[in-house]
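Some notes on the structure that comes next.
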Amino acid sequence: MDNSKNEITLSQLIRVFQKSLKKALICVIIVCIAVSALALALREIVGTTVFSTGVRYNSKIYSQNANNNVTEEFVLTTFSKNKTKIAVNAAKTVFTDESKLSIAYADKLADCLSISVSTSQVSLDNTHETVVYDIVFEAKRSLDISSNMAKNLLDEIAKQSSIILVEESKLNAKKENTVFTTTILDYNTAAMAEVEELLKVANSLYDRTNAMYASLTSSLVMESEAKSYSNKATGKTFVSLAEELRTVSGEIENMQAYIVKNGVTDNISSLQEYVNYDKIKSQTDSANYEQVSQANIELSKNYNSAFSQTKGANESNITVDDSAFRELVSKANEALYLKNAAERKLAVYNNIALPSAADASKKDYVKQSLIASADKLKTIINEYNDTANQYAQDKYVISETEIVSTAFEYKENSLSIKMIVLLVIVSAFITFAIVYIKAFGKMKKNGELDEAESTADTDATEKE
């Protein structure tokens with residue numbers, strides 16, 4: 001069998017190409033135009049109308065503990081958690097149709113909402129950070145709302161987002177404010193003075209006052225930037241409140257010495273028994289606080305070899321900005337101050353001898369003095385709590401919000417221009433291939449390829 005007739009030669013392929021080229025090009029052009037038009041129409045049909053707006057939030061920056069500030073993560077997470085609530089509040093303002101005021105519809109709206117960081121900028125004095133967020137609303141056809149209504153809805157969503165984020169940041173402030181914890185004076189000094197030894201009442205006030213002072217001053221080691229923070233109403237700072245605590249502590253110390261020196265009690269034996277007990281307790285407290293202070297000082301040396309202890313509490317040299325180091329210094333200073341407070345009380349017992357007889361005539365004077373000191377302590381505590389809350393609000397709460405742009409509309413499509421171009425190219429290639437194959441089959445059937453081959457052979461012979 002002769003297989004030469006079944007073989008395709010180069011001259012045959014060229015012949016087919018030459019004869020079908022014009023037709024192929026026409027078909028390719030027609031197909032490309034049709035595919036492009038169809039793809040662009042489909043792109044418009046399946047494309048989603050999207051609306052976007054921008055919201056700017058300001059918050060304070062604290063370099064010592066930046067992780068506790070109003071962070072981008074907090075805003076993004078809080079928005080995501082409250083999307084349905086935001087949608088409900090916005091829908092109440094924009095819609096009148098009852099079907100669009102339901103929770104189910106709000107859930108649909110929430111599914112179409114997203115937020116992302118657009119820009120972030122820190123102020124020149126490094127005290128504030130301004131972040132602009134883009135809130136995007138994908139207006140799906142199933143929501144059945146017009147473009148104008150969608151724009152109005154997104155503008156309202158931006159407003160509601162700001163309101164809710166500020167409120168959530170306030171709640172977060174209460175959770176995060178662990179440095180300056182609020183406190184109370186949880187006993188009645190006047191009532192105690194009626195049933196307890198007055199020296200015991202004085203010591204209770206003394207211990208509470210010094211514990212608060214030690215806690216406050218150690219907190220200022222952890223957050224040194226708070227030293228200059230002042231109460232908006234009173235103008236007092238944490239430092240000035242600490243000084244007031246020291247003044248009250250001094251008044252109570254004077255009263256302790258007065259009680260012991262004058263034997264202010266109904267029963268001198270009972271007072272002597274209490275002094276003996278509290279002397280041992282104070283010695284134990286002093287030794288324990290000394291141990292805690294030294295332990296933290298030794299640990300702190302791992303963080304800063306230049307650490308050195310000075311005479312006063314809260315006056316250690318700090319040359320590194322490290323939270324772990326600061327916490328150790330804070331604990332060391334707190335224990336050191338409480339050790340010194342215990343030793344000052346011991347000094348009263350060691351330097352002043354109890355008289356042999358009780359003097360109950362001075363009890364009223366001592367009671368009034370202790371009640372006055374307790375009232376001062378309560379006032380300081382209230383002012384401290386108020387200042388601590390204000391500080392937390394300023395530190396953790398979004399301080400300013402602004403909608404920087406009204407909602408604007410654009411189309412978002414899954415079928416991109418690149419995909420359309422690629423589709424047109426593939427269609428053109430397939431069309432050209434189909435036209436060429438059909439032309440080849442037709443020419444072969446009509447015997448045109450055999451004629452072309454014979455002509456090629458004759459030309460070759462003549463050349464020889």
Side-chain angles (χ1 to χ4, degrees), residues 183-217 236 240-290 312-313 334 336-385:
T183 186
I184 58 173
L185 188 60
D186 54 1
Y187 56 86
N188 189 312
T189 303
M192 283 186 65
E194 295 298 326
V195 296
E196 299 284 358
E197 284 287 351
L198 291 177
L199 183 58
K200 184 176 181 180
V201 177
N203 286 345
S204 295
L205 277 175
Y206 177 81
D207 292 341
R208 172 59 66 88
T209 303
N210 285 289
M212 185 175 175
Y213 176 88
S215 175
L216 173 54
T217 52
K236 292 183 179 180
S240 65
L241 289 171
E243 289 304 314
E244 289 183 22
L245 286 170
R246 291 191 68 165
T247 300
V248 173
S249 177
E251 292 175 357
I252 299 171
E253 286 182 48
N254 291 336
M255 198 51 57
Q256 288 170 321
Y258 184 87
I259 294 170
V260 173
K261 181 179 180 179
N262 294 283
V264 182
T265 180
D266 290 324
N267 188 321
I268 197 67
S269 297
S270 176
L271 180 58
Q272 181 66 67
E273 184 179 343
Y274 175 75
V275 168
N276 293 339
Y277 158 80
D278 198 53
K279 184 184 292 187
I280 296 173
K281 179 179 179 298
S282 297
Q283 289 171 339
T284 303
D285 289 344
S286 176
N288 289 338
Y289 288 134
E290 170 70 16
E334 184 172 3
L336 177 62
Y337 183 82
L338 292 175
K339 167 185 173 291
N340 292 338
E343 290 183 347
R344 290 197 301 272
K345 188 162 55 171
L346 272 173
V348 172
Y349 298 146
N350 292 331
N351 297 331
I352 303 175
L354 274 173
S356 57
D359 186 353
S361 65
K362 295 182 175 61
K363 285 182 63 176
D364 286 340
Y365 165 71
V366 173
K367 286 180 184 179
Q368 293 305 314
S369 296
L370 293 177
I371 291 172
S373 294
D375 289 340
K376 291 178 182 178
L377 180 57
K378 287 178 182 178
T379 299
I380 296 171
I381 287 175
N382 290 336
E383 290 176 343
Y384 164 79
N385 289 339

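Any value given below was found using the heavy atoms of this structure, including those in side chains, with hydrogens, waters and symmetry copies removed.
A side chain to side chain donor-acceptor pair (under 3.5 Å) with Asn210 is found for exactly one of Glu253, Arg344, Arg246, namely Arg344.
Between Ser369 atom OG and Leu205 atom CG the span is 11.5 Å, to the nearest 0.5 Å. Remark: Thr247 OG1 to Tyr213 OH distance equals 10.0 Å, nearest 0.5 Å. Interatomic distance, CD1 of Ile380 versus CG of Asp375, reported as 11.0 Å (0.5 Å rounding). Interatomic distance, Asn340 CG to Leu336 CG, rounded to the nearest 0.5 Å: 5.0 Å. Of the inter-residue distances, the one linking Leu370 atom CG with Gln256 atom CD reads 9.0 Å to the nearest 0.5 angstrom. Here Ser270 contributes atom OG and Glu273 contributes atom CD; the two are 6.0 Å apart, rounded to the nearest 0.5 Å.
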Kindly indicate, with the supporting measurements, whether the criterion side chain to side chain contact (heavy atoms under 4.5 Å, CB included) is fulfilled by Met192 and Ser204. CA-CA 10 Å; Met192 283 186 65; Ser204 295; 4.0 Å; yes

Would you sort out whether Leu216 and Tyr384 count as a side chain to side chain contact (heavy atoms under 4.5 Å, CB included), showing the intermediate values? CA-CA 9 Å; Leu216 173 54; Tyr384 164 79; 3.7 Å; yes

Go through it in stages, so that I can follow the logic: the residues are Asn350 and Lys279, the test is side chain to side chain contact (heavy atoms under 4.5 Å, CB included), and I'd like the CA-CA distance, side-chain angles, deciding distance and then a yes or no. CA-CA 9 Å; Asn350 292 331; Lys279 184 184 292 187; 3.9 Å; yes

Between Asn203 and Tyr274, does a side chain to side chain contact (heavy atoms under 4.5 Å, CB included) hold up when you go through it step by step? CA-CA 11 Å; Asn203 286 345; Tyr274 175 75; 2.9 Å; yes

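Residues Ile259 and Ala202 share a closest heavy-atom pair of CD1-CB, 4.2 Å. The two residues Ile371 and Ala190 come nearest to each other via the heavy atoms CD1-CB, 3.7 Å. In this structure, Asn267 and Ala358 approach most closely via the heavy-atom pair N-CB, 4.3 Å. Of all heavy-atom pairs between Ala341 and Tyr206, the closest is O-OH, 2.6 Å. Contact record, Ser282 with Ala342: O-CB, 3.8 Å, taken as the closest heavy-atom pair.
The side-chain heavy atoms of Val260 and Leu354, taken from C-beta on, include a pair separated by under 4.5 Å. A 4.5 Å side-chain heavy-atom check between Leu199 and Leu271 finds at least one atom pair inside the cut-off. Proximity of Tyr349 to Lys345: side-chain heavy atoms (C-beta onward) are separated by under 4.5 Å at one or more points.
Annotation: salt bridge (Lys or Arg N to Asp or Glu O under 4.0 Å) contacts involving residues 358-367, sequence neighbours excluded, comprise Glu194-Lys367, Asp266-Lys363, Asp359-Lys362.
Annotation for Glu196: atom CD counts as buried by contact number, over 12 foreign heavy atoms lying within 6.0 Å.
Salt bridge absent: Asp278 and Lys200 never bring a charged side-chain N and a carboxylate O closer than 4.0 Å.
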